[in-house]
Asker: 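Got a structure for you, questions after.
Predicted, not measured: the structure shown is a model, and the values here were computed from it. Just so you know, ligand 1 is whichever comes first in the structure, and atom 1 is the first atom listed for that ligand.
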Amino acid sequence: MVGAPKKHFLPLLLFISLFALFFFSHYHNPSLPNPNPNFTPTETLISQNPTQPFTFLIKVLAFNRLDSLSRCLRSLSAAHYGGDTVHLHIYIDHFPPANDSSDLLDQKLEDSRRILDFADGFDWPFGGKAVHYRTANAGLQAQWLEAWWPSSDREFAFVVEDDLEVSPLFYKFVKAVILNYYYNATNSSPFIYGVSLQRPRFVPGKHGNKMRLEGEKKLFLYQLVGTWGQILFPKPWKEFRLWYDQHKTKGIRPFLDGMVTNGWYKKMGERIWTPWFIKFVHSRGYFNIYSNFQHERALSVSHRDAGVNYGKTAGPDSQLLSENSLDFNLLEMPSLSDLRWYDFCFREVFPGRVVRTLDELGPVLMSVQRQQTVMLVSVYGALETIIRNLLCHFERLGIRNYIFIGPQSDLLSDLARRGHPVIDADQLIHNIRESKSMRFQDSSASIMKDILVKAYVIKKCLDDGYNSWIVDANVLFVSNDMPHELVSSAEHFYAWKGSQVFSVRNSSAVKKLWGDGFLEKVAAKAGQVSSPQENKDFVDVVLKVLQKNGARISWVDEASYGMKIGANSFNQTSLEAGKKVIYWSGEMSPDVIQKRLGELNMWIVDGDYSCSAVVCTGS
Ligand SMILES: *[C@@H]1O[C@H](CO)[C@@H](O)[C@H](O)[C@H]1NC(C)=O
Ligand SMILES: *[C@@H]1O[C@H](CO)[C@@H](O)[C@H](O)[C@H]1NC(C)=O
Ligand SMILES: *[C@@H]1O[C@H](CO)[C@@H](O)[C@H](O)[C@H]1NC(C)=O
Ligand SMILES: *[C@@H]1O[C@H](CO)[C@@H](O)[C@H](O)[C@H]1NC(C)=O
């Protein structure tokens, strides 16, 4: 990156300064990465200070801007470390080869020597200082990535580009964050990858639009990395390095449609690193801690000095928070559950919505419903990949009123922690039994639990005035038409012949029907053990009970709405026949489903089973 001819980059540079971004810089690079992750670090690096249970490394990335580096280091050494040991590592990148005149080369060599002399002479009384001077130009990606390989889970790195300046208060804040959100076991999350000290300002999923921050909350979580002052946590960083290695080695590229950074990657390729990190964070569902100190104040500012990012100096992006301007308690750390979490669209996500008890059901249904309608999707018997693909379609269509029902499982907890509401059927059934709100034979069969939980949740929806739909995981909506039709349908019960979709309308008549004794009838019907060949699922059972009670069902032939996929492959034209849904039989093999959906451009998860795009509409 450093060596690229400047004129080549000018339009892009302009573009990037427009969006006031961070991303690449000039400087620096690599440390002495430990090639063996199992290597046990020597304890000598670990601080002697008993109140500091971690090692703190500052990684300064520099290149050829002595004035910038000097301002940066001075600000770092003016910070309050409260007696803690803090190590300083300075990475000085080499200039790239060029057919320059001998005079120009001498000038460049002289500049490098002055930077090195300055770094060598810089007094750092807080811990060890190390200078790493490269023999060749590293390029930005290697610079960031090789700057650190955590030598233990107690080591934290603060990566500082040379045109940054930090507040004297930065370390106090960072230490409080680490102690409160990393070391407090009841108040930490393995899905937080670090802390950004820069002022949050940009939303990559909305074409890089400016962020509009509301409210007074001083801390929040956001997925985007903030490269103007980023503290990295050891475990996620190590995970990222291994993930990067795996993908890069196999030639898998970090495309993520819908993100402004995707365009940067297409132009800049391997010269920048952030598209890789963003893709990793997206696929894992990780978050970064940000501060919102108001009045454009931050603990780290970028001077956006002239160089590769900026044709000419753009000036500081924010105001440094100083002791004089401090008008609040910087060390106040609310509990993690009181913080707000935001995705790449700066859309709030609500991790941990898990319904295990009857009391939890009402509030979650209320948060999930849209237009008084809730969509129940069962993960019983469905493959994880199918569920992940389904979620990407929900995101694409802006469908947000879904809730998953399933047995206790890693999949269910992962969905919940990424912000998708779930009902833990095992726990809820247990709770329903204990509360005697429904009498039924105990059964460990998961299909039985699925049936009972759905019947119960529909009852709760009716009690609270919501319409509900039961939607099979083997159905994908092509557009929003179908959901809209379902919502506006006046029918009490509406069922697909193949029982992939079943809807229950909120009305007093239906509520009465689904009232006293109905759940017991469903339980009894479901409990009638019949031949294993009988396709006994929720819709079959409920329809039998409803029909016995004289309810009128509106039937729909699914083939009139949708297209069933099967053994035959087909192409794009097949989809354009006005079909609103794609569906398939539960017996179809996963490979074939994936193949067919791929042919229809409906397989929109990537190799990590994360969505291949970020879609911000519907937020
Ligand atoms: C320097 O010039 C030579 C000959 O013109 C050319 O082959 C080479 O690629 C150039 N090197 C660089 C780094 O531009
Ligand atoms: C850990 O976090 C919880 C929740 O915020 C808090 O109540 C508790 O006091 C914290 N413990 C310590 C030792 O700070
Ligand atoms: C549900 O239906 C009842 C009875 O028809 C009606 O009074 C109520 O307003 C409906 N609830 C909602 C949220 O529309
Ligand atoms: C796509 O399907 C249509 C209709 O079945 C067919 O006429 C056309 O030849 C197919 N195209 C390709 C490329 O297979």
Asker: Note the single closest protein heavy atom to atom 12 (C) of ligand 3, along with its residue, its atom name and the distance in Å.
Answerer: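 Looking only at protein heavy atoms, the one closest to atom 12 (C) of ligand 3 is G465 O, 3.2 Å.
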Asker: Could you check atom 2 (O) of ligand 3 against the protein and tell me its nearest heavy-atom contact, residue, atom and distance included?
Answerer: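 Protein heavy atom at minimum distance: N506 ND2, 2.4 Å.
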Asker: Can you tell me if E323 and H80 form a side-chain donor-acceptor pair at under 3.5 Å?
Answerer: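 Yes, H80 and E323 have a side-chain donor paired with an acceptor closer than 3.5 Å.
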Asker: Check ligand 3 against S508 and write out every atom of the ligand that is under 4.0 Å from a heavy-atom position of the residue.
Answerer: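 Listed by number with element, the hits are 4 (C), 5 (O).
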Asker: Anything under 30° is parallel, anything over 60° is perpendicular, the rest tilted; go ahead and classify H282 against F344.
Answerer: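 Plane angle between 30° and 60°, so tilted.
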Asker: To the nearest 0.1 Å, how far is atom 5 (O) of ligand 2 from its closest protein heavy atom, and which atom is that?
Answerer: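 Looking only at protein heavy atoms, the one closest to atom 5 (O) of ligand 2 is S335 CB, 3.0 Å.
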Asker: Regarding atom 6 (C) of ligand 2: of the candidates L336, N180, N184, which has the closest heavy atom?
Answerer: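 Heavy atom nearest to atom 6 (C) of ligand 2 belongs to N184.
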Asker: If you count the atoms of ligand 2 from 1 in the order shown, which ones are under 4.0 Å from a heavy atom of T186?
Answerer: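 Counting from 1, the qualifying ligand atoms are 1 (C), 2 (O), 3 (C).
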Asker: Are V504 and C461 close enough that some pair of their side-chain heavy atoms sits under 4.5 Å apart?
Answerer: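 Sidechains of C461 and V504: no contact.
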Asker: Taking the ring centre of each residue, are Y222 and F287 less than 6.0 Å apart?
Answerer: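 Aromatic pair excluded; centres sit 6.0 Å or further apart.
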Asker: In terms of the angle between their ring planes, are W237 and F277 parallel, tilted or perpendicular, with boundaries placed at 30° and 60°?
Answerer: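 W237 and F277: tilted rings.
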Asker: When you check the side-chain N and O atoms of Q371 and Y466, is any donor under 3.5 Å from an acceptor?
Answerer: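 Short answer, no.
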Asker: Is there at least one protein heavy-atom neighbour under 4.0 Å from atom 9 (O) of ligand 2?
Answerer: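 Protein heavy atom within 4.0 Å of atom 9 (O) of ligand 2: absent.
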